Amino acid sequence: MSPKLKDFLVRWLITTVAVMVAANLGLGIQYEKITELLVASLLLGILNAFLRPLLLLLALPLVILTLGLFILVINAFLLILVGKLVPGFTVGGFWAAFWGALVITVMTLVLNSLTGTGGARVTVQRGRRPPGRRDDDDGPVIDV
């Protein structure tokens, strides 16, 4: 199996798991069969790859004004669009799509970090203490 195909399949599986978690939380997202879930997650990935960058560019002033929170609205819109295009996969309105998009975003971030795929990386590093610093030294205190 080629590395690109393997990477694609892992990303698709991660998106499918994230959408399944959002659907099972009772947020108003439902699917009838696993095939609808697989098709919906594939279409969501395709829309995220091709339509989302255009929507982000068009909505850039709102994204900047809301400090990036408008991206969740764009993700919700894409989830609603998937609900309209895939029979058997339903999204129960804007707020269901909004909370579902938030869950899918967080789940995708966590799963990508755990598997090392995608551009998401979460690392925790602890640096060395500077020379001459003691363990009981908490640093400078600024008293105002």
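All figures in this text were calculated on a predicted structure; none of them were measured in a lab.
Judged purely by distance below 3.5 Å, without hydrogens or angles, the side chains of Ser41 and Thr16 pair a donor atom with an acceptor atom.
Remark: Leu67 CG to Leu62 CG distance equals 12.0 Å, nearest 0.5 Å. With rounding to the nearest 0.5 angstrom, the OG1 atom of Thr105 is 9.0 Å from the CD1 atom of Ile71. One finds the CG atom of Leu44 at 9.5 Å from the CZ atom of Arg52 (value rounded to the nearest 0.5 Å). Annotation: the span from Leu37 atom CG to Ile34 atom CD1 amounts to 4.5 Å, rounded to 0.5 Å. For the atom pair Thr115 OG1 and Arg11 CZ, the distance stands at 9.0 Å (nearest 0.5 Å). Atom CD1 of residue Ile80 and atom CG of residue Leu85 lie 12.0 Å apart, to the nearest 0.5 angstrom.
With hydrophobic clusters built from ILVMFWY side chains whose heavy atoms lie under 4.5 angstrom apart, Phe70 does not share a cluster with Leu65. When hydrophobic clusters are built by joining Ile, Leu, Val, Met, Phe, Trp and Tyr residues whose side-chain heavy atoms come closer than 4.5 Å, directly or via intermediates, Leu109 is not grouped with Leu13. Hydrophobic clustering (ILVMFWY, side-chain heavy atoms < 4.5 Å, transitive): Trp99 and Leu25 are in one cluster. Linking Ile, Leu, Val, Met, Phe, Trp and Tyr whenever their side-chain heavy atoms come within less than 4.5 Å leaves Val73 and Ile64 in two separate clusters. No chain of hydrophobic side-chain contacts below 4.5 Å, direct or via other Ile, Leu, Val, Met, Phe, Trp or Tyr residues, connects Leu55 to Leu60.
Taking both residues in full, the closest heavy atoms of Ala96 and Gly28 are given as CB-CA, 4.0 Å, listed atom of the first, atom of the second, then distance. Asn112 approaches Ile14 most closely through the heavy-atom pair OD1-CD1, 3.3 Å. Smallest separation of non-hydrogen atoms from Gly88 and Glu36: CA-CG, 3.8 Å. Of all non-hydrogen atoms in Phe89 and Ile29, the two that sit nearest each other are CZ-CG2, 3.6 Å. Of all the heavy atoms in Leu72 and Phe98, the pair that sits closest is CB-CE1, 3.6 Å. Of all heavy-atom pairs between Gly100 and Ala22, the closest is O-CB, 4.0 Å.
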Verdict with reasoning, Tyr31 to Val86, per side chain to side chain contact (heavy atoms under 4.5 Å, CB included): CA-CA 10 Å; Tyr31 61 94; Val86 178; over 6 Å; no
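Under the side chain to side chain contact (heavy atoms under 4.5 Å, CB included) rule, Ile104 has a single partner from Asn48, Leu79, Asn75, which is Leu79.
At least one donor-acceptor pair closer than 3.5 Å links the side chain of Trp12 to the backbone N or O of Leu38. Using modelled atom types, one side-chain atom of Asn24 and one backbone atom of Met20 make a donor-acceptor pair closer than 3.5 Å.
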